[in-house]
Amino acid sequence: MRANHPLRRLAAIGVVFSFLLTPTSALAGPETLKRSFGNMIQGPIDLVLAPITAGIVEYRNLKNIDDTTAVRVFWVVPGYIWLLGLHLGASVLRTLAGVFELLPGLVLLFTDAEMDPLFAPSEKSEAVIWDYPTTVFDFKLGVDYTAAPF
């Protein structure tokens, strides 16, 4: 049995790296990967910000509703609990969607194809705390998951 020669191993590693570093003609599909990274990183942050986001959303909703003052006062606590649970759950779904989109995003990076979002509310809703798009990923913190325009 022949022992592997170190030069053969080095040559094989060189060939693999040359294929990996070769420029390709179409690197036009980064949106899925961009969304994946954004959701994986910002989903847990949204989870922590959920009490603040729920409060802001409830305040905005109570201000814009045409109900009586008694009805508004009665629904403050149940409404906040409902919105808090909704934002906590949606933040977890946002994180999981980012995890599930990672592998397809890596595959689609080298094609012209894009994948539709697995969790559209994080993509389509407005952020009540911070919204700032970049080339790496879009910063959307404190997403209002109740007001997703469909």
Side-chain angles (χ1 to χ4, degrees), residues 9 12-150:
R9 189 176 299 159
I13 291 172
V15 168
V16 169
F17 275 113
S18 68
F19 282 122
L20 292 175
L21 297 176
T22 304
T24 58
S25 60
L27 292 177
E31 289 301 315
T32 303
L33 190 61
K34 177 180 172 180
R35 185 175 56 244
S36 172
F37 281 126
N39 286 340
M40 282 191 304
I41 292 169
Q42 296 173 94
I45 297 171
D46 263 1
L47 187 71
V48 172
L49 293 175
I52 298 167
T53 305
I56 292 170
V57 170
E58 183 174 30
Y59 174 76
R60 188 171 47 195
N61 290 347
L62 288 173
K63 201 167 101 175
N64 294 332
I65 199 165
D66 290 333
D67 286 337
T68 64
T69 304
V71 170
R72 289 181 193 178
V73 169
F74 176 78
W75 284 107
V76 167
V77 174
Y80 181 77
I81 292 170
W82 172 260
L83 287 170
L84 179 61
L86 187 137
H87 283 91
L88 289 171
S91 299
V92 171
L93 289 177
R94 180 181 184 185
T95 306
L96 290 174
V99 171
F100 291 143
E101 288 179 345
L102 181 61
L103 184 61
L106 290 171
V107 171
L108 295 175
L109 184 62
F110 301 102
T111 68
D112 290 334
E114 291 296 342
M115 187 173 103
D116 289 335
L118 291 178
F119 188 63
S122 63
E123 188 78 10
K124 296 180 179 181
S125 298
E126 71 174 53
V128 295
I129 295 177
W130 195 34
D131 191 352
Y132 186 75
T134 66
T135 55
V136 178
F137 59 83
D138 298 333
F139 288 96
K140 288 184 106 172
L141 300 177
V143 175
D144 179 5
Y145 297 104
T146 63
F150 288 102

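Without hydrogens or angle criteria, Ser122 side chain to Phe119 main chain gives a donor-acceptor distance under 3.5 Å. At distances below 3.5 Å, not a single donor-acceptor pair connects side-chain atoms of Glu126 with backbone N or O atoms of Asp144. Between the side chain of Ser91 and the backbone N or O of Pro44, no donor-acceptor pair lies under 3.5 Å.
Taken from CG in Leu106 to OG in Ser36, the straight-line distance is 7.5 Å, to the nearest 0.5 Å. Taken from CG in Leu83 to CG in Asn61, the straight-line distance is 6.5 Å, to the nearest 0.5 Å. The CD1 atom of Ile45 lies 8.5 Å from the CZ atom of Phe139; values are rounded to the nearest 0.5 Å. Taking CG of Leu118 as the start and CD of Glu123 as the end, the distance is 11.0 Å to the nearest 0.5 Å.
Sorted pairs that involve residues 69-88 and meet salt bridge (charged side-chain N to carboxylate O under 4.0 Å, His left out), not counting sequence neighbours, are lacking altogether. Sequence neighbours left out, the pairs with a member in residues 86-107 that pass ring-ring contact (aromatic ring centres under 6.0 Å, His included) are His87-Tyr145. Applying the salt bridge (charged side-chain N to carboxylate O under 4.0 Å, His left out) rule to pairs touching residues 129-141 yields Lys34-Asp138, sequence neighbours excluded.
Residues passing the ring-ring contact (aromatic ring centres under 6.0 Å, His included) test with Trp75, sequence neighbours excluded: none. Residues that satisfy the side chain to side chain contact (heavy atoms under 4.5 Å, CB included) test with Ile129, not counting sequence neighbours, are Leu49, Ile52, Thr53, Ile56. Residues that satisfy the side chain to side chain contact (heavy atoms under 4.5 Å, CB included) test with Pro51, not counting sequence neighbours, are Tyr80, Leu84. Listed by chain and residue number, nothing satisfies the ring-ring contact (aromatic ring centres under 6.0 Å, His included) test with Phe74 (two or more places apart in sequence, or in another chain). Take Val76 and apply the side chain to side chain contact (heavy atoms under 4.5 Å, CB included) test, not counting sequence neighbours, and it matches Glu58, Leu62. Taking Glu101 as the reference, Arg35 meet the side-chain hydrogen bond (donor to acceptor under 3.5 Å, both in side chains) condition, with sequence neighbours excluded. The side-chain hydrogen bond (donor to acceptor under 3.5 Å, both in side chains) search around Arg94 returns Asn39, Asp46, not counting sequence neighbours. The side chain to side chain contact (heavy atoms under 4.5 Å, CB included) test applied to Val92 returns Leu47, Leu96, not counting sequence neighbours.
Side-chain contact between Leu86 and Thr146: present, with at least one pair of heavy atoms (C-beta onward) separated by less than 4.5 Å. With a 4.5 Å cut-off on side-chain heavy atoms, Val143 and Pro121 do not count as touching.
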